[in-house]
Structure formats: C-alpha cells, structure tokens
Amino acid sequence: MEISAKYNPEGIEQKWYDQWISNKLFASTPDHRPSYTVVIPPPNVTGILHMGHMLNNSIQDILVRRARMLGYNACWVPGTDHASIATETKVVNKLKEEGISKDDITREEFLNHAFDWKDKFGGIILDQLKKLGCSCDWERTRFTMEPDLSEAVIDSFIDLHKRGYIYHGTRMINWDPVGKTALSDEEVNHEEQQAKLYYVKYKLENSDDFISIATTRPETIMGDTAVCVHPDDERYQKLIGTKCIVPLVNRAVPIIADDYIDLEFGTGALKVTPAHDINDYELGKRHNLATIDVFNEDATISEAAGVFVGEDRFKARKLAALELEKLGVLIKTEDITNKVGKSERSKAVIEPRLSAQWFVDMKKFMADYPEVLSEVMDDDIKFHPAKFKNTYNHWLTNIKDWCISRQLWWGHRIPAWYSPTGEIVIARTSAEALELFEDKSLQISDIKQDEDVLDTWFSSWLWPISVFNGFQESGKEELDYYYPTADLVTAPDIIFFWVARMIMAGHAFKGEKPFKNVYFTGIVRDKERRKMSKSLGNSPDPIKLMNHYGTDGVRMGLMLSAPAGNDILFDESLCEQGRNFCNKLWNSFRLIHGWKTTPQRNEYYKEYGDKAHDWMIAKISSVTEVVNQHFDNFRISDALMELYKLTRDEFSGWYLEMIKPTYGDPIPQKDLDKSIVMFDAILRLLHPFMPFITEELWQSITERNGAFINNQEWPSYETSSTPINDNVFQLISEIRAKRNENGISPKVSASIAMNDSNSAVYQSASGIIEKLANVESFDDEIENGFKVLVGTDEVNIGFKDFVQKIDVEAVKAKIKRLNSFLFGIEKKLGNEKFIANAKPEVIQREEQKKADTLSKIASLEGQLN
RNA sequence: GGGAGCUUAGCUCAGUUGGUUUAGAGCAUCUGCCUUACAAGCAGAGGGUCGUUGGUUCGAAUCCAACAGUUCCCA
C-alpha cells in the first residue's frame, strides 16, 4: 500500500486512543511491581482546557508513559475540583443573566442550579485531556465533592478540630465585598495603583489648634477611634494624651503614641480605624480602642457611620473629600502609588473586616509537624527547580493562620452546630451533634448548622490520600501501595495554596510525605512575554491547535520550550517544528518500509553494514543514557532535544544514508532487520513525548497482536565504542563544504588523498565516504586539490577540472590566529606557578593543544609554499 | 519596605566541583540545491570581548563585592 508523503494525524489519534482504552492500557491495580503514582492537579470541574493545562498534563503524561515502559505499575489518577468560589461565581452570574438573584433563592435551590451547571460542563476538560493523549486511569476519576471525598473532608475537619488545630474566632480577615465572603491571605493579590493621599486637619479638643493626618481612605474617617503618633516625635510630644475631634462625625478621640508609626510618612500622625485596617486593628487592641465598623457586607456605608449611609465605599470617598473641603479641613491632596489587595477571583478590592470565621492554627500545626518544612529543605521532597525551596521556606516560617470558612454555598458545609445559647459542637450529623451539646433538652429543631462552606483547598489538600479512599477503611490497601505518590507536576502559583498544604495533610493524616518530587512548570506566555489572557486574545485554543498540527506536534512544540521553572514563551511556530519532526519520523519509516530485500549481502554491506549498525547502536546507547539523566533532573525539554537530534541528525541524516541501498537495489534482509531494530528503539524513546505517531509507526512495522508500544521496554544502554571515527563524518562534511563553496555539483565525484600516517581511520570507512560524499577514489597524491584539515589530519580533495585557488590572505589570517592561540598556550606552559598548581591532566591537555596547533600551523604554511 | 532569582548569539536557553569550551544547542538569518524517504526537506555558512566595574587565582562565563537592568514572591 502506498504511504502518504506527509504524516496525517487525522483518524490515527482517535483510533489508537480508543484501542488503548478498550485494552485497559492505562488501568492500574496493585500488584508485585513497584508503583509509580501521579495524581493530577484537579482542574476546575467546569473549566476548559487552556495552554497551562496542555503544558502541565503533557509533562505528566510523558513521565507516566516512561515510567510504564520502565516497568513500574504506573497509575495516573484524574479528577476535578469543585472550585468553590470560582464555580459559585460562574453560577451566580449565569443566574443573574436569567434574572435570578442568589438572595432570592434557597440554599437547596441554588445547589440544584449549581449541580445542573456541573453536570452540563463538568468533565468537558477530561475529554479534552483524552484528546491530548493523557494516559490516565479513567476508571479512577474522582471529584472533590463526590460522597467519599466529601466524607474525607468532613472527617478531617472533625479530626483536626479534636486535635486542637481548628478554632472558631473573630479575627481580621480579608473580605470580598462582591463575593460577600471571607478569603484566605493567599487568595488576595496586591496590585499597585494610583491613589490620592488626603491631608486632613483634626481640631484639638479645647483648643483652636489642629493636628494634621494623612490618609488614603477618607471614607473611613467615621470609624476613627484615635489618632496615633510616634512616641519620639518631637512635633507631637505635647499632644500625647490629649484629645482631638474627628471631622464629619465630631467625635472626640484620644491622641495616642505607638512606635509602629512611620515618622516619615505623611504628617507623622495616623488616624486609627481599628475596624478597617489590620495594623489599626492591632493598635486598637494594644490601646484598648473602640471598633466602629462603618461598612456593610457589600462595602456600602453602614448605619454606624452616621453619614453617607448606603453609599458605595468609592463614592463615599469622593463625598467625604468634598465634605472635608467644604469644612475647610482638607489641607491638600497628593498623588501617590500604593498597593491594594484584590480578590483573586472577583477582582474586587478587599476590605479588612472583623468577622467570626474558622481557622487552622498554623503556628501550633508547624510546631507539631516541623517535617513539613525540613523535608523540603533536606530534599526528602525534591523541588525542581530548587529555587522554590526559598519561597517555601519563607512562607512557612512566616505563616499565618489559615481562614478556612467561606460565606458560600457551593462546597463542603462546615460540620459545626450551634445551640440557641451559642454553644458550638462539631459533628457529622445533627443527631450526633445533639448528643454532644451539654444541654440535653435540646431538640433537632433547636440547633442550626453553620451556613458556611470550607475553602476549596481544604478539600484538595487531601487529594493524594482521598483519591484512593485513604480516609476510609476500604482504601487502606490501595493507599499503602500507591502512596506516597512519585511526582507532582504543577504551576508555581499554587505552591502555597496546594503544594505546601498537601505536604501538611500528608503528615497530619498519613504520617508521610505525599510525593517525592515536585516539578514546577513555567507559566505559559506569548512570545512577547505577555500572560495569556482572554482579554488580550493571545491565548490559542488548544483544540484547534491539536486539530491543525496534530497532537504530537503540539506536545512537542510545547515541550521544546519548557525548561522547568522558566516561563514558556509559546509560539505557534514551535508546533510547526513539532509537526515537521513528526513528518521526518514518518518519512524515515516510509523509506525503510519501501525497501525490497535480498538474502545476499553485497560487498558494501559485508564491509560496512555492521559498522553502520554498531555505530547507530552506540549513538542510541549514549543518547539514552543522557536522556535518562535529563529525566532524573526533570530536564524534559533537554531530553526531547537529545532525541530530536538523534532522530534527525544521527538516524536519518547519517545512519539511513549509510545503509540505504542504491536506488532500485534491494537491501540485504539482515541489514533491513537491523535498521528496524534501531527504528524501534527510537520510536520507544520518543513514545512518551509523541504517543500517537510512535504507536502508529510501531504498529505498522509488523503485526503486534494486541501489544502496544507503551507496554514495551524503555531502551537500555551500554557503553560501547563507535566503530566509525568522528573524523570520517567530518571529512564527509569538508568534502561537501568544498563543493558548496565552489559551486561544484554533488554529481561531480571527488578523489581524496592523505598522509599514510592517518589514512587507516578513513580507509576503514572508505566505502561510507565514497557513498556519502560521492568520492570515487582514494589516491596517493592529488595535484591542484583542495587541502583541508580534518582535526589535525591533512586531506587533499580533488574534483575533476576544479583547481583550488588558494586565498593567501585567508590562510595567513588563520595562521595568525593559530599563532596567537599558541602564544597563549606557551605562556601558560611557561608559567612555573601553572606547572606547580595545575592538575597533571590539565597540563597534559595543554601540551596536546600545543602539539595540535603546531601541526595545524605547519599544514597551513605548507599550503602557502 | 523585606526576600529570592535572573542578565551568555537576533530570539529562547545549556554551560554540574574554576582548567577538553581559543564559549554550545534549537530556532531565526544567509548561500546553494525540487539529489531517487521527506522543500513540513537536504548540504553548507555567518553570528557572542558571557550586563558593567573591581577583586580572588597560575587560570574566571563559572568564586567574591559593588553598581545597573530585569522578573517573581511576601508585606
């Protein structure tokens, strides 16, 4: 059958994926083999595939497929995350479009809508991962809100509470006034913005004098309960202990002193609003100040403020400034840049807010589980690249308590129950709760469950355990086999959200680390280093890319540009390079496949066939070794580049040319068989990177009877010397170069001559040189030939009717350069301290360099005479 | 404001303990080829005083210091 000259992935990808699945190639159950486990970073259940997922999951697939070939029982567990706040936001917006407000429906109604949404969009991303070729064990697909995993979340909450790590308390938290929920510190991003600094006069009590303060937030003036200065500030010494009048509300507040104050900023006097700033809150606690909350939960001005009630906070800021000006107490405004915290999800400006929430006591936790830090610092869990150890260390040593309650409905509802008197108990069910209350007269109808749900990450931190049902008795056996997992592949922006917390959960619930390696991928940007975003329109649609370039081409394009930890600058031309490479591979098969065979080996194959095969084996061997090392260091793009060069340059460029029969002639069966062995090894090495084309070609070589390439062995390597000297290839290149430089057609055959002393190396491969460089004879002497240096060997190349015109100036320039190089070596060798201090092999190397240089110079000088 | 990292060819990056590197790769560029597997290809070529300055050393892209530029994290 005729094979197309171009690789056409259409049809091929789906065909093999279906077969892999129907043959349960990716299914794993515990057995005698060592396990190799990867848990997928669960994408948002309603998310769709973007370039970050493409990168991340391609890497995981490469690792998993290779592990399978290395003989591990590879298990890649897929699944999705309910993504509490992200999904709830989407559902709220969708309902809004339908004219339904979340405030008007019940929790149950809302959850029905949310589950409808999840059923409609949930799992799209998993199908997209199949298109990418991901070799997940799909029968193990989990979802963080399914019953078993929910039970694990609730149990772990109860457990941690029992052990004193979870507490309920009123603290200053990050409040998202749009999502109307608390957020953890990690969900807040600080962004620089232009702002105004307002200088405002506060009248002193019983005096006509003023004290001036500077603030960026005049709308919170109504909540001021003090003015604070530095105790050493000479300007304000006399005022400490007196009172001043807060404008707009005319409240007398004390002037206090605290060395928290920055003498340089503004006027050196600070208005203190304990309800609306974390530092002011701390000041308030130290100085026993009142707390006046002037905001509602949507950050409109509250009744407590007394003025501007009901106005939005940003409008209130303008109104307050106007009013202050009208009162004549606004001295001036100044443009400054400051940083404001914004919600990662809703982008709303965060308000610090005093509120009752659930927290994990991280200080206590870290005191009890110091290995969470030390294990990473000691490389028990290895971070790739290692620079993230610093980030990790810094975060953990300054860790704050983790606010885990969210004022949302989509998520795991907190198992806390309240009695009418405010007693709180923690229990799975209302019935269990009832037994725990001290007041035994309470009825089920008297108690109420906490309305809030848990932070999404409070479920995903259990992922490496919970996907195996590790919290249930039924999962113990699997957990023992698959846990700890091998490698985690994830983006660096969730190092705190997820990576650190999985390590915590691993220790808290399993007493062991969750994984051995963490590979942090880069962030995918466009070629101008801009982040990919919807609004910029610079994010390609992965599905379209795969359709256009073939999945293997896209995977390869991504991997060629993805060194660990560096951002990857994605450019579609990389996919083109990937596609072209697929084509190269395709055509090398086409070549081999097209050969007719003969049982007889002619003179050429007798003499050179085995040399070529052994040379190729040695190349594959040494590249395999290097590739393995790259994998050990998670240098996946380097591994791919090695294989790219092996395939294109060594295999296609040199080896196939060496063993290719003359046009129309058959190839000896033995040599064809050998070439297929080589091709097979290359396909296996490439398979993790480009699963589809390698399967297609591997299956095309011969009938496989239901076997698949991913179940074949990863090539092993042995060090062997190559039977063909590198100088042979260099000589061939020199002959081609001379043709190129002088416009001599490849069809004009050449003859070569060289010194007897070095000719053996070339003589032993003379047939190969003749074949690849169109050389017709090895002569003793050639007149008017082109003299070239191969290493230090002088070779004379002759082409019929072509005479080398020696470029005297160029040769002289070369000699000059070599002489100055020689001068440097001689200087070094003449230096007594160098001879005394350098290692003998270093000195020997210099001696060798000197000898080589001298012989090169002699040869060039010979050309001038 | 605190911390970490980075700076090597036009671009993206390698360069492990200082000496086989008179600095490498891929892409891009240039030249010549539709040669019989592949023009989605082949054969060649050019291109960097390793951010700057100073120091340590027989020897520095590599170690140290300062400076400049840049990125990220935290507050």
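What you see is a predicted model; the values in this text were computed from it and never measured.
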Can you confirm whether more than 12 heavy atoms, excluding those of [X], are under 6.0 Å from its [atom1] atom?
X        : atom1 : value
A:Glu10  : CD    : no
A:Lys771 : NZ    : yes
A:Gln844 : CD    : no
A:Arg817 : CZ    : no

Nucleotide [N], atom [atom2] - distance to [atom1] of [X] in whole Å:
X        : N     : atom1 : atom2 : value
A:Ile843 : B:G19 : CD1   : P     : 15 Å
A:Lys850 : B:U20 : NZ    : P     : 18 Å
A:Lys839 : B:G19 : NZ    : C1'   : 7 Å
A:Asp632 : B:U16 : CG    : C1'   : 14 Å
A:Phe520 : B:A4  : CZ    : P     : 18 Å
A:Leu656 : B:A43 : CG    : P     : 12 Å
A:Asn398 : B:G2  : CG    : P     : 15 Å
A:Asn338 : B:A75 : CG    : P     : 16 Å

Inter-nucleotide [atom1] distance ([N], [M]), Å rounded:
N     : M     : atom1 : value
B:C6  : B:C50 : C1'   : 14 Å
B:G19 : B:A60 : P     : 11 Å
B:A14 : B:A61 : C1'   : 12 Å
B:C73 : B:A65 : C1'   : 25 Å
B:C67 : B:C72 : P     : 22 Å
B:G24 : B:G5  : C1'   : 24 Å
B:G41 : B:U35 : C1'   : 11 Å
B:G47 : B:C30 : C1'   : 11 Å

Report which part of the nucleic acid [X] touches: base, sugar-phosphate, or nothing (heavy-atom distance under 4.0 Å, all strands).
X        : answer
A:Asn837 : base
A:Arg817 : nothing
A:Lys849 : sugar-phosphate
A:Phe496 : sugar-phosphate

Identify which nucleotide among [options] has an atom closest to any side-chain atom of [X], counting heavy atoms from C-beta outward.
X        : options             : result
A:Lys584 : B:G41, B:U22, B:G26 : B:G41
A:Asn587 : B:C72, B:A37, B:U12 : B:A37
A:Thr391 : B:G26, B:G19, B:C73 : B:C73
A:Glu657 : B:A37, B:A75, B:G19 : B:A37
A:Phe834 : B:G44, B:C58, B:G41 : B:C58
A:Gln577 : B:A40, B:G26, B:U22 : B:G26
A:Arg845 : B:A37, B:U20, B:A40 : B:U20
A:Arg590 : B:G19, B:A37, B:C74 : B:A37
A:Lys400 : B:A75, B:C42, B:U20 : B:A75
A:His190 : B:U22, B:C58, B:A75 : B:A75

Can you find an N or O donor on one side and an acceptor on the other, under 3.5 Å apart, linking the side chain of A:Asp638 with the base of B:A14?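 No, no donor-acceptor pair under 3.5 Å.
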Quiz question: going by heavy-atom distance under 3.5 Å, is there a donor-acceptor pair between the base of B:A14 and the side chain of A:Glu642?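 A donor-acceptor contact between them is absent.
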Report the base-pairing partner of [N] (Watson-Crick or G-U wobble, both distances below 3.5 angstrom), or none.
N     : result
B:A23 : none
B:U56 : none
B:C50 : none
B:A61 : none
B:A39 : none
B:C72 : B:G3
B:C30 : B:G44

Decide whether A:Glu187 and A:Trp457 meet the rule of one side-chain donor and one side-chain acceptor closer than 3.5 Å. no
For a quick check under 3.5 Å, do A:Asp259 and A:His230 share a side-chain donor-acceptor pair by atom type? no
Is [X] near enough to [N] that one of its side-chain N or O atoms lies under 4.0 angstrom from OP1 or OP2?
X        : N     : value
A:Lys833 : B:U57 : no
A:Ser733 : B:G44 : yes
A:Asn580 : B:G41 : yes
A:Tyr644 : B:C27 : yes
A:Arg648 : B:C27 : yes
A:Arg736 : B:G44 : yes

Look at the aromatic rings of A:Trp586 and A:Phe589 and report parallel, tilted or perpendicular, splitting at 30° and 60°. tilted
Applying salt bridge (Lys or Arg N to Asp or Glu O under 4.0 Å), run through A:Asp379 and A:Lys389 and close with a yes or a no. CA-CA 9 Å; A:Asp379 289 330; A:Lys389 282 164 73 176; 3.1 Å; yes
Rounded to the nearest 0.5 Å, what separation is found between the OH atom of A:Tyr392 and the CZ atom of A:Phe496?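 So the gap between those two atoms works out to 10.0 Å.
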Going by ring centres under 5.5 Å and near-parallel planes (under 30°), is A:Tyr663 stacked on B:U36? no
